There are 2 protein chains.
Amino acid sequence: MQDPPPPAPYGSGRARDPVRTQAEIIEVAVREFADQGYSGARVDRIAERTRTTKRMIYYYFGGKEGLYTAVLEHVYSGIRQREQALDVAGLSPIDAIRRLAELTYDHHVAHPDFIRLVSIENTHRAEHLAKSEALSNLRMPVLDLIAGILEKGRADGTIRADADAVDVHMLVSSYCVFAVANRHTFATIFARDLLDPERRGHYRSMVGELLVRYLTP
Amino acid sequence: MQDPPPPAPYGSGRARDPVRTQAEIIEVAVREFADQGYSGARVDRIAERTRTTKRMIYYYFGGKEGLYTAVLEHVYSGIRQREQALDVAGLSPIDAIRRLAELTYDHHVAHPDFIRLVSIENTHRAEHLAKSEALSNLRMPVLDLIAGILEKGRADGTIRADADAVDVHMLVSSYCVFAVANRHTFATIFARDLLDPERRGHYRSMVGELLVRYLTP
DNA sequence: GCACTTATGTACTAACTAGTACGTTAGTAA
DNA sequence: TTACTAACGTACTAGTTAGTACATAAGTGC
C-alpha cells in the first residue's frame with residue numbers, strides 16, 4: 001500500500017496528437033544533440049524525456065540521423081524567420097551596419113543551442129546539411145539585407161567601394177559565433193567569460209564598432 | 001600451403017620502445033578525435049591504426065578519457081611552443097599587430113586539427129581542459145606579446161588608449177577560428193569556401209586590416 | 001644466468017545502443 | 001457497427017564498444 005498507482009499523466013489512455021508528438025520529440029532532440037553532439041546523443045534518452053516512446057522517433061523520423069537532420073532543419077528555419085524580421089529601415093548605411101551587427105550579437109547570445117548545433121555539424125563536415133534538400137539550397141535573408149545596405153552606402157560614399165556582402169556577414173558571424181561557441185575553452189585559458197552579463201554591453205558595441213571602422217572608406 | 005606465414009612487420013619479435021609507442025598512439029588519436037569528436041572516436045580504431053594494441057592505450061593513458069586529455073595537452077603544448085617563436089621585434093606597433101594577425105591566420109589554417117579539437121572540447125564545455133592541471137593553468141605566451149605591443153603603441157599614440165590585450169586576442173582568434181571551424185556549413189549555405197587557396201591572400205590581409213583599423217585611435 | 005620490472009599481446013566480457021517485430025488502440029469513413 | 005488506417009506502446013535483438021584478465025617477452029641489475 002505504499003505503492004499507489006501512478007496517476008495517468010495526461011488524461012486516460014493515449015492522447016493521439018501527431019503534431020504535438022513530433023514537436024515534442026524535436027524540442028527534446030534539439031537539447032540532446034546540442035548538449036551531447038551527434039554521436040554522444042542517445043535516442044533512448046531523447047525518448048525518455050518525451051511523453052512518447054522511442055518507437056515514435058523511428059515512426060516519424062526514420063532513425064537517429066533523420067531526427068538529427070530534422071533538428072538542423074528546425075533550428076535553421078528558426079534563424080531564417082528571425083532574420084526576415086530584422087529591421088534597419090530608415091537608418092544610414094553605417095548605422096544600419098552597426099545595428100545589424102549588434103542585433104546579430106544579441107541573437108546569437110540568446111540562441112546558444114543553434115550555435116552549438118552548427119559547431120557540431122561542422123565537426124561532421126556539414127554532411128547532413130549537404131544531404132538535406134530543405135537546407136543546402138537555403139539562402140539566408142540576411143545576405144540580401146547586407147547587400148542592400150552596402151549598395152546604398154557605396155552610392156552615397158559612406159561605405160568603401162570594395163565591400164562584399166558575404167565577407168561582411170562572415171565578419172559579423174565570426175565574432176558572434178566565437179563568443180558563444182568557444183566560450184568554455186576561452187574562459188578556462190584566459191579567465192574571461194565572454195558572455196558575462198556585465199561585459200555584454202562592451203562586447204555588443206565592440207562588434208558594431210569593428211564593422212563600422214572596417215567599412216568606412 | 002596457400003597460407004604463407006605473414007612476415008613479421010617490424011623486425012623479429014616485439015620492438016620495445018615506450019616513447020615511440022606513446023607518441024604513435026597520440027599521433028593517431030589526434031586524428032581520430034579531431035575527425036570524429038570525443039564520443040564518435042573509437043578506441044579500437046585508434047589501436048588498429050598504430051603498430052601496437054588497445055592494451056597499450058589503457059596501459060599508458062588509462063582509458064579513452066585519459067587519452068583524449070593527453071591529446072588536448074599535446075596539441076595545446078604545440079601551439080604554445082609556436083606562439084613563443086612569434087617574432088614581431090623591430091616593427092611599429094601597428095605593423096606588429098598586422099603581422100601578428102596574419103601569422104595567426106596562417107597558423108590556424110595550417111593546423112585545422114587543433115581548431116577542430118578546440119571546437120569539440122567546447123561542445124563538451126571544456127570539462128577535460130578544466131580537469132587537466134597541465135592545461136587549466138596554461139597562460140598563452142601570445143597574450144604577453146600583444147600586451148607589449150599595445151603598451152608601446154599607447155605610449156607613442158599609434159594605438160588607442162582603451163585597447164585590451166585579451167580582447168585583441170579574441171578578435172584575432174574569432175576571425176581565424178571561424179574560417180577553419182565553420183568552413184563546412186558556411187560553404188554549404190553561402191557557396192564560398194573560406195579556405196579556398198585563391199582567396200587566402202584576401203582573407204589573410206583582411207584580418208590584419210580589421211585589427212589595425214580597430215586599434216587606430 | 002637469475003630475479004625482477006616494464007612493456008606488450010591475446011582473448012574475452014559486461015554493458016550499452018540503434019533499430020525492429022509485433023501487438024494494440026484511437027479516430028474515421030462507409 | 002464495422003472495416004480500415006494512422007498513431008502508439010512493449011519487449012526484444014544484433015551488433016558494437018570501452019574496458020579487463022591473463023599470459024609472456026624484453027630489458028635491467030646483480
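Note that the structure is predicted; figures quoted are calculated from it, not measured. First the proteins, then the strands, lettered A, B, ... as listed; each starts at 1.
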Point to revise | Plane angle bin for A/F186 and B/H169 - parallel if under 30°, tilted between 30 and 60°, otherwise perpendicular | key: parallel
Practice item. Return the nearest nucleotide to the side chain of A/D44; candidates are D/dC8, D/dT20, C/dA18. Key: C/dA18
Study note, to complete from the structure: A/Y59 atom OH is separated from C/dT25 atom P, nearest whole Å, by 17 Å
**Study point:** Residue B/P18, side-chain heavy atoms: nucleotide from D/dC8, C/dA7, C/dT20 that is nearest
**Key:** C/dA7
**Study point:** Carboxylate-amine/guanidinium contact A/D113 A/R31, below 4.0 Å
**Key:** no
Check your understanding: Can you tell me if the side-chain N/O atoms of B/T53 get under 4.0 Å from OP1 or OP2 in C/dT10?
Key -> no
Exercise for review: Indicate yes or no: at least one non-hydrogen side-chain atom of B/E32 is less than 4.5 angstrom from one of B/R45.
Suggested key: yes
Point to revise | A/E24 CD - D/dA7 P separation (whole Å) | key: 16 Å
Review point. Does A/T52 have a side-chain nitrogen or oxygen under 4.0 Å from the phosphate oxygens OP1 or OP2 of D/dA7?
Key: no
Exercise for review: Please determine, for the side chain of A/T21, which listed nucleotide (D/dC8, C/dT8, C/dT17) has the closest atom?
Suggested key: D/dC8
Check your understanding: Relative to the ring of A/Y38, is the ring of A/H128 parallel (under 30°), tilted (30 to 60°) or perpendicular (over 60°)?
Key -> tilted
Check your understanding: Between B/Q22 (CD) and C/dA7 (C1'), how many Å, whole number?
Key -> 10 Å
Check your understanding: Does the base of D/dG19 carry an N or O that pairs as donor and acceptor with the side chain of B/K64 under 3.5 Å?
Key -> no
**Study point:** Side-chain donor or acceptor of B/R42 paired with backbone N/O of B/S39 under 3.5 Å
**Key:** yes
Check your understanding: Whole-Å distance between C/dG9 C1' and B/I57 CD1?
Key -> 13 Å
Check your understanding: Quick one: is D/dC8 close enough that its OP1 or OP2 comes under 4.0 Å of any side-chain N or O from A/Y60?
Key -> yes
Review point. Can you find a donor-acceptor N/O pair under 3.5 angstrom joining the side chain of A/R55 to the base of D/dA7?
Key: no
Point to revise | Nearest-angstrom distance from the residue atom OH of B/Y58 to C1' of D/dA21 | key: 14 Å
Review point. Can you check whether B/R16 has a side-chain N or O nearer than 4.0 Å to OP1 or OP2 of C/dT8?
Key: no
Check your understanding: Starting at CG of A/D17 and ending at P of C/dA26, how long is that distance when rounded to a whole Å?
Key -> 15 Å
Review point. Which part of the nucleic acid does A/A41 contact within heavy-atom distance under 4.0 Å: base, sugar-phosphate only, or nothing?
Key: sugar-phosphate
Study note, to complete from the structure: When rounded to whole Å, the CD to P distance for the pair A/Q36 and C/dA18 reads 12 Å
Exercise for review: Could you state the atom-to-atom distance from CZ of A/R20 to C1' of D/dA7 in whole Å?
Suggested key: 12 Å
